[in-house]
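Okay, structure first, notes after.
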Amino acid sequence: MADLKGLIRLRRHELDEKRRILGDLNSKIEALNTRRQNVLQKLEKEKNLAAVDINAAQNFGQYLNGALNTCKDIDSNIERIMVDVEKATDVVRAAFMEVKKLELTQENREKEAQAVVAKRETADLDEAGLNAHRRRSE
């Protein structure tokens, strides 16, 4: 039976690469969420400033529209990346299943090989015992 260790190592490496891609996508989402949060915090500061400063209050409407549009853009980017995350998750899941199947197959092959070796050893010991018994009997 062929040894699957090399193939398992290759598939694990491919799985790690797919996990890295998924991690990168999740990092992008996290960065976009942070950016969105920063825009909202800055909007809150501008709102407070507009409440006390007449000049800031005059331009607050434009700032509000710009901030809301920025948030909409960020949200649409997050949604687009979430689709990619779902696809990448499915790819990682499939790659993991393949690695697991190979590992189980290799484990079963090793168990079978150990069973064959144990059976041979038992047969050799039985034969040695029988030969020793024959010699004592003669």
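- The minimum heavy-atom distance linking A67 with V39 is given by the pair O-CG1, 3.9 Å.
- Atom CZ of R9 sits in a sparse spot, with 12 or fewer heavy atoms from other residues, nucleotides or ligands closer than 6.0 Å.
- L15 and F96 get closest at one heavy-atom pair: CD1-N, 3.8 Å.
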Kindly indicate, with the supporting measurements, whether the criterion side chain to side chain donor-acceptor pair (under 3.5 Å) is fulfilled by R134 and N131. CA-CA 5 Å; R134 283 187 201 135; N131 288 339; 3.1 Å; yes
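- Counting non-hydrogen atoms of other residues, nucleotides and ligands closer than 6.0 Å to CD of E110 gives a total above 12.
- Of all non-hydrogen atoms in Q106 and L4, the two that sit nearest each other are OE1-N, 2.8 Å.
- Other residues, nucleotides and ligands contribute only 12 or fewer heavy atoms inside 6.0 Å of the CD atom of E127.
- Minimum heavy-atom separation, L64 to L43: CD1-CD1, 3.7 Å.
- A salt bridge does not link D75 with K72: every distance from a Lys NZ or Arg NE/NH1/NH2 to an Asp or Glu carboxylate oxygen is 4.0 Å or more.
- The two residues A57 and A50 make their nearest non-hydrogen contact at CB-O, 3.4 Å.
- Of the N and O atoms on the side chains of E46 and N59, not one donor lies less than 3.5 Å from an acceptor on the other residue.
- Of all the heavy atoms in V92 and L22, the pair that sits closest is CG2-CD2, 4.2 Å.
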